[in-house]
Number of protein chains: 4
Amino acid sequence: MATENQSENNIYRNEEPNGSTRFVSSRIKPKTQKEITEWRKRELVFATLLCVAEKGIHQTTVEEITSRANVSRGLIRHHFKNKQDLMVQACKYLCDDFRMHIDKNVKTNDDPWKALDHLVTTTFETPYFNDVSLAAWFSFWIASRNDDDLKLVYKEYYEWYRGYIHKLFERADKLGQLHTDLDQTIDAFVSMTDGLWLELSIDVTKYSPEYAASVCREFFKAFSQRMPK
Amino acid sequence: MATENQSENNIYRNEEPNGSTRFVSSRIKPKTQKEITEWRKRELVFATLLCVAEKGIHQTTVEEITSRANVSRGLIRHHFKNKQDLMVQACKYLCDDFRMHIDKNVKTNDDPWKALDHLVTTTFETPYFNDVSLAAWFSFWIASRNDDDLKLVYKEYYEWYRGYIHKLFERADKLGQLHTDLDQTIDAFVSMTDGLWLELSIDVTKYSPEYAASVCREFFKAFSQRMPK
Amino acid sequence: MATENQSENNIYRNEEPNGSTRFVSSRIKPKTQKEITEWRKRELVFATLLCVAEKGIHQTTVEEITSRANVSRGLIRHHFKNKQDLMVQACKYLCDDFRMHIDKNVKTNDDPWKALDHLVTTTFETPYFNDVSLAAWFSFWIASRNDDDLKLVYKEYYEWYRGYIHKLFERADKLGQLHTDLDQTIDAFVSMTDGLWLELSIDVTKYSPEYAASVCREFFKAFSQRMPK
Amino acid sequence: MATENQSENNIYRNEEPNGSTRFVSSRIKPKTQKEITEWRKRELVFATLLCVAEKGIHQTTVEEITSRANVSRGLIRHHFKNKQDLMVQACKYLCDDFRMHIDKNVKTNDDPWKALDHLVTTTFETPYFNDVSLAAWFSFWIASRNDDDLKLVYKEYYEWYRGYIHKLFERADKLGQLHTDLDQTIDAFVSMTDGLWLELSIDVTKYSPEYAASVCREFFKAFSQRMPK
DNA sequence: TATGAATGAGTTTTCATTCAT
DNA sequence: AATGAATGAAAACTCATTCAT
């Protein structure tokens with residue numbers, strides 16, 4: 001569903017005057033019927049993410065999504081099989097968007113520590129990892145426990161993500177710069193970032209993004225600079 | 001709600017023959033009316049935790065809880081204001097139970113690294129932190145974003161928990177054995193355990209408890225043994 | 001149910017410090033078991049009248065009545081067949097109480113206009129016709145439309161009441177002091193007092209009792225002093 | 001809610017073969033979707049009035065209303081916020097309907113006694129003041145004691161009604177034809193009609209409409225023709 | 001007598017889905 | 001494609017009544 005240029009066509013987070021954030025579409029309503037149709041479909045996905053972030057999957061009603069997307073209730077059926085399908089597509093969009101953003105910004109052929117540093121900057125200090133996206137993210141993730149469709153979406157994403165991180169730490173390890181067990185280091189790091197994101201998704205005021213990033217950098221130092229094994 | 005001896009009166013997790021886990025009450029149905037009443041109330045809480053772990057808060061119906069507890073639907077009203085109140089009480093029970101267990105098993109006046117090692121053992125290798133409890137735990141936690149009652153329960157718990165961890169790392173710091181910033185170390189550690197628990201709650205086969213514990217021990221080594229600042 | 005001396009044993013209306021009125025029992029809890037039992041039964045009737053006045057018959061729950069009477073929920077069954085029976089008994093009590101009060105205070109062998117004047121004073125200017133009693137009264141009356149038991153209670157009361165009024169106007173008529181049709185005068189008067197009570201029962205501030213009484217006196221003047229037929 | 005021509009579009013009372021009365025819609029189910037929707041909403045209001053007249057507000061279930069209106073249970077939500085909102089709308093309809101009917105039939109610039117006579121004829125001898133409407137009317141009115149929404153509806157209606165009556169009696173007074181206090185006469189008259197309606201609403205066989213009207217006419221005579229003050 | 005735990009039928013409310021226009 | 005009226009199943013909530021103690 002996510003297309004190459006989805007990120008360029010839309011801004012899905014906006015700083016509101018009151019300081020909160022909000023998914024919005026930056027795209028002007030297009031002219032041709034075909035474009036309008038596609039645009040409305042995307043509006044439905046955005047509205048879904050926003051609702052899920054604000055109230056959770058099961059508190060979100062079709063009525064709310066459609067009214068937020070300024071379309072009629074029945075339109076859901078034209079673009080999606082049902083509410084469940086819409087949820088899965090919205091979750092996919094989120095994963096694809098995160099993934100695309102990291103792919104674009106974090107180059108794996110850099111110096112591995114530099115790349116990891118970049119990753120941390122990218123994931124904690126940009127609009128891509130904001131409280132709204134994170135809230136939707138964790139709502140979907142928790143729900144995936146009882147939802148095979150969502151489970152599949154996350155499985156694929158997680159494999160990619162762990163592989164990505166693996167590549168970076170492995171290169172550090174090969175350069176002799178990692179003084180701990182590779183897998184355990186990766187699991188420690190991935191768990192820690194999950195935990196940080198989770199806490200931020202529940203209470204965005206708990207840490208500043210900068211502080212969260214600096215916690216990650218302490219982690220890198222601790223795992224790279226200690227006495228040889 | 002949680003009483004001094006709640007852990008002694010009940011075992012709330014059981015390895016089923018098929019390998020899954022299940023909340024059960026180890027107590028025999030008592031004799032006196034007063035005890036039976038209290039016992040049934042507890043059964044309702046257990047049934048709630050089990051349902052929430054299996055299907056999430058909003059997928060759990062009152063009908064399911066009561067039939068699992070072998071009581072009539074109306075009894076909920078007798079002991080709790082409504083479904084929401086029951087959920088909050090169940091969440092409190094979980095928090096109190098975790099807390100009591102750690103308080104009982106992890107002595108803060110030990111050598112801090114020993115105490116932390118103990119904490120890790122306690123939290124990853126005992127029936128208290130099992131996939132069922134964790135699943136309920138995260139369901140409640142995620143739901144707390146949109147639920148002020150749950151938010152309050154977690155706030156109180158989290159203050160206690162962070163304070164607990166703080167005491168341990170602070171003593172290590174004072175002994176000159178912590179070579180990183182105290183607060184960042186604590187946040188890194190707490191986030192990492194949250195992340196490990198979260199992943200285990202979604203897929204209990206991802207890591208063995210022993211592996212999760214060893215990841216934590218690597219963390220301790222990394223943060224204690226590296227080159228002086 | 002109502003006994004000869006029910007009015008002497010109890011005060012069922014009390015001016016609260018805040019200006020509102022409230023049914024209370026003036027009787028001290030008696031000593032002997034037999035008296036206590038009777039006393040509790042009366043407390044249940046009072047509590048019922050108060051609840052019905054405040055919230056209407058169908059908004060009043062057994063739980064509320066018993067907690068207001070400071071008895072356990074199950075006690076209702078010992079004294080009354082069920083909730084419906086309690087309502088009917090409470091309604092009867094009210095009718096009997098009104099009736100006894102008028103019987104006691106309005107002597108039919110006085111001069112008829114004096115007796116009617118007395119009736120008006122009695123029914124608008126005493127604690128017996130207060131907003132609480134009236135509110136319960138009309139709640140029961142409206143409900144009697146769909147309740148044969150209540151219908152019967154009111155039928156009996158109304159026959160007595162109309163007969164009472166009839167006697168008074170008839171004597172005025174026989175004295176040549178009534179210049180209108182006897183039955184129509186009676187129906188006009190009874191309807192007017194019903195209407196006044198109804199309006200007072202819904203909004204006690206609408207008229208002062210004195211004003212309501214003076215409206216009645218205007219009525220007497222109008223129907224007695226106009227030009228001969 | 002009530003539109004200019006609601007009375008023309010519908011007959012809401014029908015003499016059944018068995019002698020009872022029944023709200024019915026005289027309108028044929030219309031053709032266009034918009035009209036059908038509006039028609040169904042009105043059917044729901046009619047069904048509500050009928051149920052309330054027959055059983056009272058709290059005895060009336062949503063299920064009964066919708067089955068009487070031949071629509072599904074869920075449609076209530078489509079047109080009204082909830083059951084309470086439907087009740088309020090039905091009450092408003094009743095008030096508006098009474099008011100429109102009187103406005104249409106009773107001209108205030110006639111001779112005041114003629115207008116009052118007309119009012120009496122209109123309110124006791126037409127289908128607009130029938131036992132069904134009156135039963136619903138008093139059910140709502142009594143309920144308004146505990147219902148702020150209904151209270152508001154009645155307040156507005158009552159202000160109009162008393163103002164209307166005031167105009168008529170005031171003109172009689174100015175013509176020197178009223179030999180009693182103006183306000184007390186009005187309150188006596190309004191109370192008397194309330195009482196007559198109330199008694200008719202509880203037992204329609206108590207008086208014939210003609211008799212009730214003649215009672216009112218006696219009242220006019222008594223209050224207009226007696227000896228000068 | 002008196003209690004209050006327990007029941008379960010009855011009712012309202014919610015909301016995804018369907019479908020005629 | 002798009003609308004929104006209409007449906008009805010699912011769920012929570014209410015509460016009179018029952019009954020063991």
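So you know, we letter chains A, B, ... as the sequences are listed, proteins then strands, and number each from 1.
With salt bridges taken as basic N to acidic carboxylate O contacts below 4.0 Å, one links A:Glu64 and A:Lys55. Using a cut-off of 4.0 Å between Lys/Arg side-chain N and Asp/Glu carboxylate O, D:Glu35 and D:Arg40 are scored as not salt-bridged.
Comparing F:dA1, E:dA2, F:dA6 by their closest approach to the side chain of D:Arg40 singles out F:dA6.
For the pair B:Ile36 CD1 and E:dG4 P, the computed distance is 17 Å after rounding to whole Å. As a whole-Å value, the separation of C:Glu64 CD from F:dA16 P is 9 Å. Distance CD1 (A:Ile76) to P (F:dA1): 15 Å, rounded to an integer number of Å. The interatomic distance linking D:Lys41 (NZ) with F:dA6 (C1') rounds to 15 Å, in whole Å. Atom CD1 in B:Ile57 sits about 13 Å away from atom P in F:dA12, given to the nearest Å. In this structure, C:Glu35 atom CD and E:dT1 atom C1' are separated by 16 Å, rounded to whole Å. Atoms CD (D:Glu38) and C1' (F:dA6) sit 16 Å apart, rounded to a whole Å. The separation between D:Phe80 atom CZ and E:dT12 atom C1' is 16 Å, rounded to whole Å.
OP1 and OP2 of E:dT1 both lie 4.0 Å or more from every side-chain N or O belonging to C:His79. Between B:His78 and the phosphate of F:dC15, there is no side-chain N or O to OP1/OP2 separation shorter than 4.0 Å.
Applying the salt bridge (charged side-chain N to carboxylate O under 4.0 Å, His left out) test to pairs two or more places apart or on separate chains, those with a residue in residues 73-83 of chain B are B:Glu63-B:Arg73.
Shown here are the side-chain hydrogen bond (donor to acceptor under 3.5 Å, both in side chains) partners of A:Asp85, two or more places apart in sequence or in another chain: A:Gln89. C:Gln59 meets the side-chain hydrogen bond (donor to acceptor under 3.5 Å, both in side chains) test with D:His58; sequence neighbours excluded. Scored by the ring-ring contact (aromatic ring centres under 6.0 Å, His included) test, A:Phe140 finds no partners at all (sequence neighbours excluded).
With C:Thr37 as the partner, the side-chain contact (heavy atoms from CB on, under 4.5 Å) test is satisfied by one option alone out of C:Lys34, C:Gln33, C:Lys41: C:Gln33.
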The dot-bracket string of DNA chain F, counting Watson-Crick and G-U wobble pairs with both distances under 3.5 Å, using [ ] for crossing pairs and | for pairs to another strand, is .||||||||||||||||||||

request  = Output, in order, the C-alpha distance, side-chain angles, deciding distance and verdict of side-chain hydrogen bond (donor to acceptor under 3.5 Å, both in side chains) for B:Asp147 and B:Gln84.
outcome  = CA-CA 10 Å; B:Asp147 184 325; B:Gln84 160 75 355; 3.0 Å; yes

Quick tally for nucleotides 13-21 of chain E: nucleotides whose base has a protein heavy atom under 4.0 Å get B, sugar-phosphate-only ones S, the rest -, giving BBSSBB---

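In summary, the aromatic rings of C:Phe46 and C:Tyr93 are positioned with their centroids under 6.0 Å apart.
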